[in-house]
2 protein chains.
Amino acid sequence: MASSTIENYVKQLYLEGQRTSNQKIPMGRLAKIMKVTPGTATSMVKALADSELVIYEPREGARLTRGGKQLALHVLRRHRLVELFLVKTLALDWSEVHEEAENLEHVISDKVLEKIDKLLDYPCVDPHGDPIPTSKGNITTKQYENLSDCRLHQKVKISRIVDQDPTFLQFLEREGLTPNVKLTLQSRDDYADATTLITHATSNTITLGLSTAKKILVEPL
Amino acid sequence: MASSTIENYVKQLYLEGQRTSNQKIPMGRLAKIMKVTPGTATSMVKALADSELVIYEPREGARLTRGGKQLALHVLRRHRLVELFLVKTLALDWSEVHEEAENLEHVISDKVLEKIDKLLDYPCVDPHGDPIPTSKGNITTKQYENLSDCRLHQKVKISRIVDQDPTFLQFLEREGLTPNVKLTLQSRDDYADATTLITHATSNTITLGLSTAKKILVEPL
DNA sequence: ATAATTATTTTGACTAATCAAAGTTATATG
DNA sequence: CATATAACTTTGATTAGTCAAAATAATTAT
């Protein structure tokens, strides 16, 4: 059985792979993500390669094998189902469940996980809109547009937030920018690095920097 | 923060202390309980003594300090609340929740624990009738009688089962001998090492060996 | 093309938790 | 009482995961 440490490395390799279209992930970057020294990342990745969870090319980086991806998706399934469970069943706040799930994801048995899945009626996204892999390890990642790229004056719905920082999530909650909220982009100014939007339900006008807008993924209505 | 390993040693020292009226616990016994070699138990207990969780007397044994007891009760609170939660909210079977809780008890945060406590409406016993310590670390241990010692023909209620073995618990469930079930002791034969009882609701007559009867704690009605 | 910088790997050391086996102490038995 | 046995402790080794710092390789700048 994979240790929590291994599960975490594999999970982060998967997520970083998603961000970089499956490029080999260099050890420096992995070290930063895992908050360890580069030497530690190198030696852990060698161990992962021995277990055939990654392919490792010295001085180039590591990439998950099929088996590694499978493990990553199982961890991600636990993480995201637990997040949703904490929000729906235990009424924890949206902004705090990520940290909690970081610990729980390594100790939830398959039996408990399937009970949670059933209780939540087989959901397919977590509270941040991240897709929940199936128990077979399938994941359907919709390609959303981000709020800084989408067309002006188009009605859209928030589908996913790609940042787990609690204070950022609390900010979004205060501004009413949570998944399923409908809104329209009013203006964008690349020089000012800002975009203005209006929410439908509350008619709130909000101005965001483009780097923040990029973290909010939407789909057209 | 105490590691899972430390939490487990401290928890077992507490439970064994309960069974032996606070005698010093010898290393051989601790080793058996923890499924490690005696040398491992000795060295771990020395580490616990350095952290002031136990008092250790070489060649005599170890006993929890006040701080150690406090930690043990916090672990036990997590364990027992989680057990009840798994039964009530996730519909796991009575017989299997002990093993699940063994893993979860080390990673449940205070925040999640208090949510569970609230959801279950501040219960005071777990599914086996074991008392749940308060968040301050108080525990009220009622002194129940066991089924092999109690008076013949007296109406009693099952209050607690002092064995967590899943197959034993499944047996009790099949026989309808679960907490809160009411019954009467019909006969006892010390030579045959057996006792016969009848359940009130179902009028089932069941014969148990005395060692099994000793694991079933009851209170008079 | 050489030097300087940056990224990566290697080496040696450390901690927590464990075991096997040798050594020590206490207890029980002849 | 002497010794055999059982309980316990010590010692030396191992594994997983980590860091600091030295060594190496690759990249960038001069």
Side-chain angles (χ1 to χ4, degrees), chain A residues 1-14 16-17 19-20 23-64 67-68 71-72 75 102-103 105-107, chain B residues 1-14 16-17 19-20 23-64 67-68 71-72 75 102-103 105-107:
Chain A
M1 255 279 297
S3 66
S4 306
T5 307
I6 287 178
E7 289 191 347
N8 280 330
Y9 274 91
V10 166
K11 178 182 66 174
Q12 293 301 346
L13 285 166
Y14 177 84
E16 186 60 17
R19 285 178 214 119
T20 58
Q23 295 296 304
K24 276 172 269 183
I25 291 137
M27 295 302 101
R29 185 184 296 276
L30 180 59
K32 282 243 172 63
I33 295 172
M34 294 300 302
K35 298 188 171 140
V36 296
T37 60
T40 300
T42 300
S43 72
M44 268 304 300
V45 159
K46 282 185 181 178
L48 296 180
D50 288 345
S51 317
E52 298 185 301
L53 292 167
V54 305
I55 305 288
Y56 166 57
E57 309 262 24
R59 310 231 165 229
E60 301 205 0
R63 192 196 326 254
L64 290 178
L71 175 55
V75 177
E102 287 291 298
N103 302 317
E105 66 186 9
H106 308 295
V107 297
Chain B
M1 257 278 297
S3 66
S4 306
T5 307
I6 288 179
E7 289 192 347
N8 280 329
Y9 274 90
V10 166
K11 178 183 65 174
Q12 294 301 346
L13 284 166
Y14 177 84
E16 186 60 17
R19 286 178 213 118
T20 58
Q23 295 296 304
K24 275 171 268 183
I25 291 138
M27 294 304 100
R29 185 184 294 277
L30 180 58
K32 282 241 174 62
I33 296 173
M34 293 300 301
K35 298 185 172 147
V36 295
T37 59
T40 301
T42 302
S43 72
M44 268 305 300
V45 160
K46 281 185 180 176
L48 296 180
D50 288 346
S51 317
E52 297 186 303
L53 292 167
V54 305
I55 304 290
Y56 167 55
E57 308 262 23
R59 312 238 162 220
E60 302 204 0
R63 195 198 320 258
L64 290 178
L71 175 56
V75 177
E102 286 292 298
N103 301 317
E105 67 187 9
H106 307 295
V107 297

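Just so we're on the same page: letters track the sequence lines, and every chain starts at 1. Nothing here was measured: the structure is a model prediction, and the numbers come from that model.
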[N] OP1/OP2 closer than 4.0 Å to side-chain N/O of [X]:
{"X": "Tyr9(B)", "N": "dA16(C)", "value": "no"}
{"X": "Thr42(A)", "N": "dT10(C)", "value": "no"}
{"X": "Thr40(A)", "N": "dT18(D)", "value": "no"}

*Are any of the side-chain heavy atoms of Lys24(B) and Ile55(B) separated by less than 4.5 Å?*
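Sidechains of Ile55(B) and Lys24(B): no contact.
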_Check: Tyr14(B) and Leu71(B) side chains under 4.5 Å, non-hydrogen atoms_ =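 No, their side chains stay 4.5 Å or more apart.
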Could you check how far [atom1] of [X] sits from [atom2] of [N], rounded to whole Å?
{"X": "Glu7(B)", "N": "dA17(C)", "atom1": "CD", "atom2": "P", "answer": "11 Å"}
{"X": "Met27(B)", "N": "dT9(D)", "atom1": "CE", "atom2": "C1'", "answer": "11 Å"}
{"X": "Met1(B)", "N": "dT15(C)", "atom1": "CE", "atom2": "P", "answer": "20 Å"}
{"X": "Leu30(B)", "N": "dT18(C)", "atom1": "CG", "atom2": "P", "answer": "11 Å"}
{"X": "Met34(B)", "N": "dA16(C)", "atom1": "CE", "atom2": "P", "answer": "17 Å"}
{"X": "Arg59(A)", "N": "dA7(C)", "atom1": "CZ", "atom2": "P", "answer": "12 Å"}
{"X": "Met44(B)", "N": "dA16(C)", "atom1": "CE", "atom2": "P", "answer": "10 Å"}
{"X": "Lys24(B)", "N": "dC8(D)", "atom1": "NZ", "atom2": "P", "answer": "12 Å"}

Name the nucleic acid region contacted by [X], choosing base, sugar-phosphate or nothing; use a 4.0 angstrom heavy-atom cut-off, strictly under.
{"X": "Ser43(B)", "value": "base"}
{"X": "Thr5(A)", "value": "sugar-phosphate"}
{"X": "Gly28(B)", "value": "sugar-phosphate"}

_For a quick test of reading the model, state the closest non-hydrogen atom pair linking Ile25(B) to Gly17(B) and the distance between them._
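Taking Ile25(B) first and Gly17(B) second, the nearest heavy atoms are CD1-N, 3.7 Å.
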*Could you tell me whether Glu52(A) atom CD has more than 12 heavy atoms of other residues or ligands within 6.0 Å of it?*
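No, not enclosed.
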*Kindly point out which of dT18(C), dT10(C), dA17(C) is positioned nearest to the side chain of Val36(B)?*
dT18(C)
*Counting side-chain heavy atoms from C-beta on, which of dA20(C), dG17(D), dT18(C) comes nearest to Thr37(B)?*
dA20(C)
*For Lys35(A) and for Tyr56(B), find the nucleotide of DNA chain D with the closest heavy atom, then tell me which residue's nucleotide is more 5'.*
Tyr56(B)
*Working for salt bridge (Lys or Arg N to Asp or Glu O under 4.0 Å), residues Lys11(A) and Glu102(A)*: CA-CA 11 Å; Lys11(A) 178 182 66 174; Glu102(A) 287 291 298; 3.0 Å; yes
